[in-house]
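Chain letters run A, B, ... following the sequence lines, proteins first and then strands; every chain starts at 1. Note: hydrogens, waters and symmetry copies are ignored here, and every other heavy atom, side chains too, is used.
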Protein chains: 2
Amino acid sequence: MFSKTCEYAIKAVLYIATQSLNNIRVKIGDVAENTGSPEAFTAKILSTLTKHKLLHSIKGPYGGFEIEEKKMKQIKISEIVYAIDGDAIYNGCGLGLNKCNAAKPCPMHDKFIKVRSELKKMLETTTVHELATKVKAGKSILIRN
Amino acid sequence: MFSKTCEYAIKAVLYIATQSLNNIRVKIGDVAENTGSPEAFTAKILSTLTKHKLLHSIKGPYGGFEIEEKKMKQIKISEIVYAIDGDAIYNGCGLGLNKCNAAKPCPMHDKFIKVRSELKKMLETTTVHELATKVKAGKSILIRN
DNA sequence: CTTATTTAAGATATTTTTATCCGAAATAAA
DNA sequence: TTTATTTCGGATAAAAATATCTTAAATAAG
């Protein structure tokens, strides 16, 4: 569904957000360790997310990543997906046609659109804060040992 | 959503089915040309689909691929997806956890399950015949020029 | 100012996916 | 039986995604 990079990105944001809820700033290594992601690759992803203003980064000693609580209430999961995977999942044709619309639809167009708008709506109405709160409360996990 | 290979596979099956509705047996080259897929790669995919009994192939002159009308009424799009992409789309965790269930869910588990079961149901209730009929009637297309 | 720590950025490597090529096997028709 | 046509299967190649490494830039603390 999402690229592996995007899965890492979502888990990273949620880990950082969860820690930020406790006012803890985290380093790349912490993120990698607690999301089961490769460290150097995680660095790249966090850098991308920071450029997209989805995270706040601080360089130097005692630096790391964090997200303001206000910000995590605003940010939707859809924004993370968009920043990493682009809009293919929102706009692309299910059968890969370079153009596909009601006027000239692929055979799956109608059915695909329907399911996908559910997915889109789900991603656009789910905030980072909502999910981070669940993780903080121990109701869900970001890594499986 | 689906791999590129899977997109080619679905389009190939639908093209062959559409032609079969007119009792026309088609060759690899025809399939590639009419689905906008690379020919040699299409050959590989058709071979896989044939092994999975989703197509009928005939070797030699006047050979090619076809699908009985009876068969295309039975085959669901879900079977094509499963043959090519496996069960990741049906069972995998949205965030890539190697195990994810209601007991130890990833933060998106519930919402993801919901959307995905819609997708699953859609694929499992859509037959090749249904879509091929649409294509035959000119109501949808497999390639965009 | 110097040192240690941390993210940023670019180059490089590995793995997976996508794609091609070529010879073998099957088979219809002359 | 020979030839032409077609799929099949294995080897190889190219492109994209995933992952690592190395150096630079920023900055806090001594």
(message) Side-chain N or O of B/Ser57 versus OP1/OP2 of D/dT6: is the shortest distance under 4.0 Å?
(response) no
(request) Select one nucleotide: of D/dT18, D/dA11, C/dA8, the one nearest the side-chain heavy atoms of A/Thr50. (result) C/dA8
(request) Without swapping roles, check the side chain of A/Arg116 against the backbone of A/Tyr90 for a donor-acceptor pair under 3.5 Å. (result) yes
(request) Kindly say whether A/Ser20 contributes a backbone atom to a donor-acceptor pair with the side chain of A/Arg25 at under 3.5 angstrom? (result) no
(request) Establish, with yes or no, whether the OP1 or OP2 oxygen of D/dA17 is under 4.0 angstrom from a side-chain nitrogen or oxygen of A/Thr5. (result) no
(request) Kindly say whether A/Cys106 contributes a backbone atom to a donor-acceptor pair with the side chain of B/Lys134 at under 3.5 angstrom? (result) no
(message) Measuring only between side-chain heavy atoms, which start at C-beta, is B/Ile28 closer than 4.5 Å to B/Val31?
(response) no
(request) Write down the distance between CG (B/Leu46) and C1' (C/dT20), rounded to a whole number of angstrom. (result) 15 Å
(request) Sort out for me which residue in B/Asn34, B/Thr35, B/Leu46 forms a side-chain contact (heavy atoms from CB on, under 4.5 Å) with B/Ile16. (result) B/Leu46
(message) I'd like to know if the side chain of A/Glu33 and the backbone of A/Asp30 have a donor-acceptor N/O pair within less than 3.5 Å.
(response) no
(request) Using a 4.5 Å cut-off on heavy atoms from C-beta on, say whether the side chain of A/Thr50 contacts that of A/His56. (result) no
(message) Tell me which residues in residues 25-42 of chain A lie within less than 4.0 Å of DNA chain C, going by non-hydrogen atoms.
(response) A/Val26, A/Lys27, A/Ile28
(request) Using atom CD1 of B/Ile45 as one end and atom P of C/dT20 as the other, report the distance to the nearest whole Å. (result) 11 Å
(request) Grab the NE2-C1' distance between B/His56 and C/dT27 for me, whole Å please. (result) 13 Å
(request) Answer yes or no: does atom OH of A/Tyr82 have more than 12 heavy-atom neighbours from other residues, nucleotides or ligands under 6.0 Å? (result) no
(request) Return the value, rounded to whole Å, for the distance between atom CZ of B/Phe65 and atom C1' of D/dT6. (result) 9 Å
(request) Measure the distance from NZ on A/Lys51 to P on C/dT7 and round it to the nearest whole Å. (result) 15 Å
(request) Please check the phosphate of D/dG9 (OP1 and OP2 only) for any side-chain N or O of B/Ser47 closer than 4.0 Å. (result) yes
(message) Please encode protein proximity along nucleotides 22-30 of chain D as a string of B, S and -, counting only heavy-atom distances under 4.0 Å.
(response) ----BBBS-
(message) If the cut-off is 4.0 Å, is B/Tyr8 near the phosphate of C/dT18, judged by side-chain N/O to OP1 or OP2?
(response) no
(request) Round to a whole Å and report the spacing from NZ of A/Lys44 to C1' of C/dT6. (result) 15 Å
(request) Return yes if some donor-acceptor pair links the side-chain N/O of A/Lys99 with the main-chain N/O of A/Leu97 below 3.5 Å, else return no. (result) no
